[in-house]
*Asks:* 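One structure is given below, represented as structure tokens, and several questions about it will come after.
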Amino acid sequence: MKLSINNISKRYNKEKYGLKDYTLTIENGILGLLGPNGAGKSTLMKIIATISQPTNGTIELDGHDIQKDPDFIRKMLGYLPQDFGVYANLNAYEFLEYIAAMKGVGGPGLRKRIEALLEGVNLIESARLPIGAYSGGMKQRIGIAQALLNDPKILIFDEPTVGLDPEERMRFRNLIADLAQNSIIILSSHIVSDIETIADEVAIMQSGILIARGTQHEVIKLVEDKVFETLLDNAELSDFKAKNLVVNTSRQKDKVWVRYISNDAASGSKPTPASLEDAYLFITHKNN
Ligand SMILES: Nc1ncnc2c1ncn2[C@@H]1O[C@H](COP(=O)(O)OP(=O)(O)OP(=O)(O)O)[C@@H](O)[C@H]1O
């Protein structure tokens, strides 16, 4: 499958753009949308999910214009919105049966499918509790389950890992990894570590604009040979920060260890392998 986003803009009001002339082609696999708060990730996801209209541009799924024919994508869509609301009085079975009815999913296999999904998101033991009694992470997981209910070929998860502990994050990764062979999976986050263990490719956006895109390896390459570590006196730190892009520090008695990105290493520094987080900070800083 191929989803082509062609020169999409979303203008919310006179001076506020959610997206500006955004172009991206997405094929099967897991794409991580990374960007700071307000970058336009939710705006893009809502437009792909056809619950918001762009001001300009088109989106095509395998050549079908999804604004002209929204049902074409809706039929194969699973969507977890950022502000996912649940029905507090329903238990997990009742909630998923309700969503299934809304999506037109039914048949004798439905109960089995719901149980398999509840196993998949590790909620089977709490499935008879009202969702109102769930923790934030459990609500997020029931949200993930409802997005998967109709066996979607396009999956859009807006900040799916919010509230998930490392074990649940791994479970989420495993749950979607198999689907990624035959589906387009798009997930967003502003936290690099949430994406880096999950996504095959990343698209970094800022202020409504796509600023980098590629496999994690390709994006990391943008800062290869630019990441260094050094040990400074505490008193030197603020001056050093003013001149360099410092990505991490840690106090060590009277010294401070500093990880930074620069074209030229300060004396006494040693080069260190770059990470996706380094690349993200470098790219978003450069475009600020
Ligand atoms: N309904 C709206 N009316 C006006 N401006 C909006 C509206 N929705 C979003 N925006 C603005 O559009 C920009 C992009 O917002 P969006 O929610 O898409 O970003 P995001 O990357 O998802 O951010 P976050 O990580 O905080 O969820 C922001 O500046 C936001 O304030």
Side-chain angles (χ1 to χ4, degrees), residues 3-26 30-59 66-67 70 73-74 77-86 136-137 139-144 146-147 154-164 168-169 172 176 184-199 201-214 216 219 247 276-288:
L3 185 69
S4 308
I5 299 160
N6 311 311
N7 309 99
I8 288 285
S9 293
K10 175 74 184 183
R11 191 176 189 174
Y12 282 115
N13 54 48
K14 238 184 183 173
E15 63 268 17
K16 183 60 104 189
Y17 276 88
L19 291 172
K20 281 185 214 148
D21 202 20
Y22 194 99
T23 294
L24 179 69
T25 303
I26 307 172
I30 304 175
L31 176 77
L33 274 186
L34 261 178
N37 292 134
K41 304 179 295 295
S42 298
T43 300
L44 178 64
M45 291 180 141
K46 283 182 202 160
I47 291 174
I48 299 171
T50 71
I51 55 169
S52 172
Q53 290 290 321
T55 315
N56 291 106
T58 58
I59 299 191
I66 67 159
Q67 279 119 253
I73 190 165
R74 284 177 189 164
L77 182 74
Y79 176 44
L80 172 68
Q82 194 172 28
D83 43 3
F84 174 67
V86 289
K139 283 186 187 139
Q140 191 71 347
R141 275 141 58 199
I142 195 79
I144 292 166
Q146 65 76 33
I154 309 264
L155 266 161
I156 299 177
F157 293 110
D158 201 346
E159 309 248 4
T161 51
V162 168
L164 299 193
E168 291 304 339
R169 232 170 257 196
F172 173 65
I176 62 169
I184 290 174
I185 302 179
I186 307 168
L187 43 97
S188 71
S189 183
H190 56 273
I191 301 164
V192 177
S193 57
D194 280 4
I195 294 280
E196 70 185 342
T197 49
I198 301 180
E201 284 201 61
V202 288
I204 300 177
M205 54 196 293
Q206 189 172 32
S207 309
I209 294 168
L210 178 69
I211 53 174
R213 191 255 158 97
Q216 295 203 29
V219 173
V247 293
L276 186 62
E277 174 112 45
D278 295 325
Y280 172 73
L281 291 168
F282 176 71
I283 297 163
T284 50
H285 178 81
K286 206 172 72 176
N287 284 277
N288 235 336

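A quick note: this is a predicted structure, and the numbers were derived from the prediction, not measured. This chain uses plain numbering: 1 for the first residue, then up along the sequence. Order of listing sets the numbers, starting from 1, for every ligand and every atom in it.
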*Asks:* Check Lys41 against ligand 1 and report side chain, backbone, both or neither, counting heavy atoms closer than 4.0 Å.
*Replies:*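 Both of them.
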*Asks:* When rounded to the nearest 0.5 angstrom, what distance separates CG in Asn56 from CZ in Arg11?
*Replies:*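 The CG atom of Asn56 sits 9.5 Å away from the CZ atom of Arg11.
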*Asks:* If you define the side chain from C-beta out and look only at heavy atoms, does anything of Leu187 sit under 4.5 Å from Ile30?
*Replies:*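 Yes, at least one pair of side-chain atoms sits under 4.5 Å.
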*Asks:* Looking only at protein heavy atoms, which one is nearest to atom 17 (O) of ligand 1, and what is the separation?
*Replies:*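 Scanning the protein heavy atoms, the shortest distance from atom 17 (O) of ligand 1 goes to Ser42 CB, 3.7 Å.
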*Asks:* Would Gly40 count as a polar contact of ligand 1, with the cut-off being nitrogen or oxygen pairs under 3.5 Å?
*Replies:* yes
*Asks:* Could you walk me through whether Gln140 and Val162 pass the side-chain contact (heavy atoms from CB on, under 4.5 Å) test, one step at a time?
*Replies:* CA-CA 7 Å; Gln140 191 71 347; Val162 168; 4.2 Å; yes
*Asks:* Measuring from atom CD1 of Ile204 to atom CD1 of Ile211, what distance do you get when rounded to the nearest 0.5 angstrom?
*Replies:* 6.0 Å
*Asks:* At a non-hydrogen distance cut-off of under 4.0 Å, which region of Gln82 contacts ligand 1 (side chain, backbone, both, or neither)?
*Replies:*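 Side chain only.
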*Asks:* Taking all heavy atoms of Leu155 and all of Ala147, pick out the closest pair and write down the distance.
*Replies:* CD2-O, 3.8 Å
*Asks:* Rounded at 0.5 Å granularity, tell me how far CD1 in Ile184 sits from CD1 in Ile26.
*Replies:* 6.5 Å
*Asks:* Rounded to the nearest 0.5 Å, what separates atom CG in Leu44 from atom CD1 in Ile186?
*Replies:*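 The CD1 atom of Ile186 is 7.0 Å from CG of Leu44, to the nearest 0.5 Å.
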*Asks:* For ligand 1, is Glu159 a contact, meaning one of its heavy atoms is under 4.0 Å away?
*Replies:* yes
*Asks:* Suppose we measure from atom 31 (O) of ligand 1 to each protein heavy atom; which comes out shortest, and what is that distance?
*Replies:*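 Result for atom 31 (O) of ligand 1: Lys16 CE, 3.8 Å.
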*Asks:* Among Gly38, Ser52, Gly208, whose heavy atom sits nearest atom 13 (C) of ligand 1?
*Replies:* Gly38
*Asks:* Do Ala39 and ligand 1 have an N or O pair less than 3.5 Å apart?
*Replies:* yes
*Asks:* Could you find the nearest protein heavy atom to atom 16 (P) of ligand 1 and give me its residue, atom name and distance?
*Replies:*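 Answer, as residue, atom name and distance: Thr43 OG1, 3.6 Å.
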*Asks:* Do the side chains of Lys41 and Asp158 get close enough for a salt bridge, i.e. N-O under 4.0 angstrom?
*Replies:* no
*Asks:* Report the nearest protein non-hydrogen atom to atom 10 (N) of ligand 1: residue, atom name, distance rounded to 0.1 Å.
*Replies:*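 Answer, as residue, atom name and distance: Tyr12 CE1, 3.2 Å.
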*Asks:* Identify, for atom 26 (O) of ligand 1, the protein heavy atom at the shortest distance, and state residue, atom and that distance.
*Replies:*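 Among all protein heavy atoms, the one nearest atom 26 (O) of ligand 1 is Asn37 ND2, 3.0 Å.
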